[in-house]
Amino acid sequence: MRETFAAVVAEAMEDDPRVAVVLAAISAGMFRRPASRHPGRVIDLGIREQAMIGTAGGLALTGMRPVVHSYAPFLVERPFEQIKLDLGHQDVGAVLVSIGGSYDASEEGRTHQAPGDVALLDTLPGWTVHVPGHADEVRDALRAALPGEDRVYVRLSGTANREPRPLTGGLTAVRTGSARSAGVVVAVGPLLDRTLEATAGLDVTVAYTATVRPFDRAGLGALAAAAGSADVMLVEPYLRGTSAHEVSEALADRRHRQLSLGVSRDTELRAYGTPADHARAHGLDTEGIARAARDFFLV
């Protein structure tokens, strides 16, 4: 996903003189050639993340289309005030592209982990948030975002599904349950393959999305109406319950239960481990998702 991001942005810089890249040391080597070809349009500020966002805001005010990139905690959490003011309050656009996800860089410790990034951006209006599940979806998300003027966050992951899915901006049914099914499972981004495997023996509809904001409330409502039950299990690769309020709004007109899976809100893991260790500890491996699905739907 990271290599696709760099290639797509470099290509866009050739065609669109508005596109500029703002970095804080991370991935600078991937943009050496674009920097030599387009002097002044690749800006590496060193490890000054707040200045990185401020610079992007200034570029946007001049009509440029800034692409801002770093690890998720350095891109969203550390400079959050600048995101709120220099982009949001000024009502200018940028494309923020993160790596690291919730715990992809687990060996780097807690400093490089940001399971709360999407929830934090969700406190601000006007953001589109993409969580691609495949490198091809990264390409599609960026090609759609770069010509615009809005605020977009693209969350890259070290984990990917085996096959790409069309970037529709909404929910797509990947497996459809019967008219008497137990409900709907919503899988976000790189967790689709695990979710399909985990629910293979259950009569449920499995829907996929790589665009979590705006959330496809109408699509979820339609899927729930077609299912035998409006109960929903949400499987997200970041903080548990991040989109629970969206499910509630989508199904406010009908009785339903919902279960949110994601990175635990109650436990902070202090052993570095591997990404697979963290997924297992948070119940986001195939076995954990399967266990939660059985407990929720088979009642």
Side-chain angles (χ1 to χ4, degrees), residues 1 4-5 8-9 12 16 18-22 52-53 56-57 59-61 64-70 72 75-77 79-80 82-102 114-157 164-172 186-192 207-220 234 236-239 242-247 249-250:
M1 291 192 188
T4 298
F5 150 66
V8 171
V9 172
D16 187 348
R18 299 186 312 136
V19 176
V21 177
V22 187
M52 179 174 64
I53 299 298
L59 288 168
L61 285 170
M64 299 293 285
R65 185 58 162 162
V67 179
V68 195
H69 169 68
S70 189
L75 182 65
V76 176
E77 294 180 329
F80 180 70
Q82 283 70 36
I83 292 174
K84 180 179 72 175
L85 299 177
D86 297 351
L87 296 178
H89 190 61
Q90 294 190 126
D91 196 22
V92 294
V95 181
L96 275 55
V97 182
S98 73
I99 54 172
S102 294
D117 56 342
V118 176
L120 194 56
L121 283 179
D122 202 26
T123 66
L124 302 176
W127 281 89
T128 296
V129 178
H130 299 297
V131 186
H134 189 278
D136 288 358
E137 296 169 23
V138 175
R139 179 200 61 213
D140 294 345
L142 288 170
R143 286 180 175 172
L146 290 172
E149 297 181 353
D150 54 344
R151 293 181 288 281
V152 181
Y153 179 46
V154 182
R155 190 185 205 257
L156 307 186
S157 174
R165 301 281 172 174
L167 192 74
T168 65
L171 289 169
T172 301
V186 176
V188 173
L191 293 180
L192 175 61
Y208 174 70
T209 187
T211 302
V212 295
R213 297 296 182 276
F215 189 86
D216 184 9
R217 297 179 183 178
L220 180 58
L234 187 64
E236 297 179 288
Y238 32 77
L239 195 65
T242 294
S243 296
H245 68 98
E246 294 286 352
V247 174
E249 291 287 344

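The analysis underlying the following values was restricted to heavy atoms, covering all of them including side chains, and did not include hydrogens, waters or symmetry mates.
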How close do Ser102 and Pro115 get, counting heavy atoms only, and between which atoms? OG-CA, 3.6 Å

Kindly say whether Pro147 contributes a backbone atom to a donor-acceptor pair with the side chain of Arg18 at under 3.5 angstrom? yes

Is there a donor-acceptor pair closer than 3.5 Å between any side-chain N or O of Thr209 and the backbone N or O of Gly170? yes

Rounded to the nearest 0.5 Å, how far apart are CG of Leu220 and CD of Glu249? 12.0 Å

Roughly how far, to the nearest 0.5 Å, is the CZ atom of Arg217 from the CD atom of Glu246? 4.0 Å

Quick one: pull up CE in Met64 and CG in Asp16 and give me the separation to the nearest 0.5 Å. 8.5 Å

Minimum side-chain heavy-atom gap Leu120-Glu77 below 4.5 Å: yes

For the atom pair CG (Leu234) and CZ (Phe215), what is the distance rounded to the nearest 0.5 Å? 6.0 Å

Once you round to the nearest 0.5 Å, how far does CG of Leu121 lie from CG of Leu75? 8.5 Å

Using every non-hydrogen atom in the two residues, find where Asp216 and Gly219 come nearest and quote the distance to one decimal. OD1-N, 2.8 Å

Verdict with supporting geometry, Phe5 and Leu156, side-chain contact (heavy atoms from CB on, under 4.5 Å): CA-CA 9 Å; Phe5 150 66; Leu156 307 186; 3.8 Å; yes

Where at least one partner belongs to residues 129-138, residue pairs that pass salt bridge (Lys or Arg N to Asp or Glu O under 4.0 Å), sequence neighbours excluded: Asp136-Arg139

So CG of Leu96 and OH of Tyr153: to nearest 0.5 Å the spacing works out to 7.5 Å

Pairs flagged by salt bridge (Lys or Arg N to Asp or Glu O under 4.0 Å) wherever residues 115-128 is involved - sequence neighbours left out: Asp117-Arg155, Asp122-Arg213

Nearest heavy-atom approach of Gly133 to Met1 is C-CE, 3.6 Å

Please check: side-chain N/O of Arg65 versus main-chain N/O of Ala145, any donor-acceptor pairing under 3.5 Å? yes

Which heavy atom of Tyr208 sits nearest to which heavy atom of Val131, and what is that distance? OH-O, 4.4 Å

Looking at Ala56 and Pro66, what are the two nearest heavy atoms and their distance? O-CG, 3.4 Å

Does the pair Val97 and Leu142 meet the rule for a side-chain contact (heavy atoms from CB on, under 4.5 Å), with working shown? CA-CA 9 Å; Val97 182; Leu142 288 170; 4.0 Å; yes

Using atom types as modelled, flag every donor-acceptor pair under 3.5 Å from a side chain in residues 83-91 to any protein atom, sequence neighbours excluded.
from: Gln90; atom 1: NE2; to: Asp86; atom 2: O; distance (Å): 2.6
from: Asp91; atom 1: OD1; to: Arg151; atom 2: NH1; distance (Å): 3.2

Side-chain touch Thr172/Arg165, heavy atoms, less than 4.5 angstrom: no

